[in-house]
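This report concerns only the one structure given below.
Fair warning: this is a prediction, and the values are worked out from it, not measured in the lab.
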Amino acid sequence: MLYGVLGSCLTICLVRAVFFKPQARTNTHIVPKATVLHPHNPVYIKHEHTPTYTVELWRPNATTLSVILPVTTRSLLTLDTHLHSLFGRSPALSEVVLLSPPSNHPQIRKSLRHILSRLDPVDVELSISHWQEGIAESTAVIQAAQLATTDWVLLADEDGLLDQDAGTCDMLLLTTTPSAVLPIGPRGLDSGADEGPLCLQPGPLPRKASYLVPPFTMPKRLLPAITVGGRSQYSWSAIGSHVSAVMSESGSGGLVVGSSDAFPSWCRRYGPKDAGLPQRTHSQVSSPRTHGEAQVVLTDGQGTAAFLLVAHANDTRFIALIACGLARQGHRLSVASVLDPEQLAGRESIHLEGCLSSIELTHIPLTSVLARNDMLDRSLTRLPEVLDVVISTVAEDLLLPLLSFLSDRAGSRGPAPSIVRLPREDLPYCDWMADIGLEGWKNWHVPRIELAVITDNRPYSLRRLLTSMSSARYFGDRLDLRIHIEQTADEETLRLASEYKWAHGGVSLHHRVVHGGLMAAVVESWYPRDNDSYALILEDDVELSPLFYAWTKMTLLQYRYGRPEDRSPLLFGISLYQQKNLELHPDGRRLFDARAAFAAAGLAHAHTPYLSQIPCSWGALYFPEHWREFHTYLVARRSSTALPLAAPVVPSVRSNRWTRSWKKYFIELVFLRGYVMLYPNYAAFASLSTNHLEAGSHVRDMPPDAYARKRQLFTVPLVPLPDVGDGDGTPATGLLELPDARMPAWDALPILDLLGTIQDADALQTRGRERRTELTGCGGLAAHPFDVNDLLCIHDG
């Protein structure tokens, strides 16, 4: 359905050539000479003050939905990502209204032309609506929603749906017909709690809320009657109050449901300013975030929590190591084993590799779960009344009755637990989860990882990389994929990128129309939207281990979301690749073996992972604060704002001659700051990625013998998936071949400088500080983290 919008607006109609019936409304007509931007994706641009032509898309008996999406100066930078998160998911979506101040409209139009030219045709109308000056976001969104002619409206804030997982997005976009007639979303507040207003944590079962905050979806008829275009202000609580009055039998202003969310962040934004965060036992309480800190869910400091693992009886061998790891950490652990009918007789215990004395085992007949009868209630009475984390490997229709029973029994005595769902097919490869601590499980859903693939005219290489990505295990996580294609890419590369099917998140393509080169391709492949977004940057001649994401998740949870003493602002990323040689020595490349170096230095654990100042370009995860700082640093260096472009920042390293490499400038930033990257150190150089050293920007054609010798210097074996077999134990992935079978504490990790010499963090920072003084004349410490102007002593005036 199409409709007029607030004030003067630009309307962009995206309609297919068939399957719709044009119906001109009163006083409307088609704009003459509409401009078509893409022959396969008609985009008709209508000029300001021009009457809107309205068509109705034919959807027999269908639910229809309008999305109201505020666009601010900040969110304009990620508008394409916002639109990709909406399109192609739900047949109910009829319209997207971009709500923005008039000052942003020209840039929005420009961005839309570029975005829509690359989209497949979709039956959705896009319009830009006027956000009046001095009107709060909530008021502007409610006013815009009042003009919708669809059955339902999705009310968003400037973050849209980017913080939500796939299941929550599908719920909000009405991919299935909604069963409830109340507002529904993952965020809400209870204003009637005795201790004051509380932010409610989402879960798979609906929880009544006094009101919801964006994003949430609701029937349009339940919106409060307000004056469109008026100056009165309306808060989100006004919707809840109106809904609870109109739907008095519901006893609420909306339902909170969805996956575990970045709870403290939105609660600080929308929660009452004097209410703070609810204090809880073993729950999600976050310390205030300082600049440059990732959002971290902290525990109450006691270090123990109540865990529930739910699995089919035949799968318990795969969760044995997880159970043992949690028990070793001192947590209270229960295992609910769902027994198939043929397993009811003679099945008395489950072997959990020596951990049985620390674990409560509960056997639940499958028939009781499905029927939710008295036998289920009796089976679950042994479980703790309040749980902190639920790790489930069963289907949702089996998990929900268990959670419903536990929720009813717990009542208001505690918050909803964090819920982690692991796909059953990934269970044989979960042994590494035994090393995850309470903070990691609580923060499982907080980091959002994007895959950024960079390609040019090597279709064979791109196909190999994409195949390895499809073969990898992602343990139920959503990862969006963005493929960056150089202007010189051939037709086969373009076809491969366009036809690739990615099952674990959204896909977007970016094709350059002006050749940018590898530096621009890498640096512009990603820009973080907040401090919980990350990118795995992958050039097309890289190949991935099927366990690359397991290593990434394990280390990220440890060193970004784990214990405070294991988190450091000096860590700028995580390498998938294990170094076989060092390239920065001024006299040329040198072979390198971390294990041999650590053994020679007398380290107790030569097989430990380690920290290195060398940034990896052959498969690595980069952190948001450091990548954002690198963008600013690169602009300053390339423009000679603080230093002459030819000035060598790092003394005596080969990268000073890499004039076209982004790594030259990243190495400079790393040296000045004392930053480090985490590297794996498995036997025989086994890695989570390898490089095939194919001809491209930095590898020239050479005689076959010379090429084979050089390739051998860089290619490493990939960590494979283990053979599952029919044994009783959990297959070993090899990822826990670590000191004491766990990731070391931060202060136990060896540190290597740019030339591979073992150093300590203080020495690296001292070197950088002294070099900064030599280059800029500014003495002392740089006072502001991640501030390039402060680092390079660039001062206004």
Is a donor from one side chain sitting under 3.5 angstrom from an acceptor on the other, for [X] and [Y]?
X	Y	value
D541	S461	no
N531	R628	yes
E737	H607	no
S533	R448	no
D477	Y549	yes
E668	Y633	yes

TODO: State whether W432 and K553 meet the cation-pi test: NZ (Lys) or CZ (Arg) under 6.0 Å from the six-membered ring centroid, and within 45° of the perpendicular axis.
DONE: no
Open item on the list: Is the positively charged end of R567 above the ring of Y559, judged by distance under 6.0 angstrom from the centroid and angle within 45° of the axis?
Closed with: no
Task: Pairs flagged by ring pair (Phe, Tyr, Trp, His ring centres under 6.0 Å) wherever residues 580-601 is involved - sequence neighbours left out - done: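 Sorted result for residues 580-601: F598-Y610.
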Task: Residue of the set W526, Y527, Y622 for which ring pair (Phe, Tyr, Trp, His ring centres under 6.0 Å) holds with H631 - done: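 Looking at W526, Y527, Y622, the match for H631 under the ring pair (Phe, Tyr, Trp, His ring centres under 6.0 Å) is Y527.
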TODO: Kindly state whether the ring of F572 and the ring of F666 have centres lying under 6.0 angstrom apart.
DONE: yes
TODO: Specify the closest pair of heavy atoms between F671 and Q613, including all atoms of both residues, with the distance to one decimal.
DONE: CA-NE2, 4.2 Å
Check this for me: [X], atom [atom1], are more than 12 non-hydrogen atoms of other residues, nucleotides or ligands nearer than 6.0 Å?
X	atom1	value
Q487	CD	yes
R742	CZ	no
E491	CD	no
Y460	OH	no

TODO: Evaluate the ring planes of F548 and Y474, with Trp represented by its six-membered ring, and classify them as parallel (under 30°), tilted (30 to 60°) or perpendicular (over 60°).
DONE: perpendicular
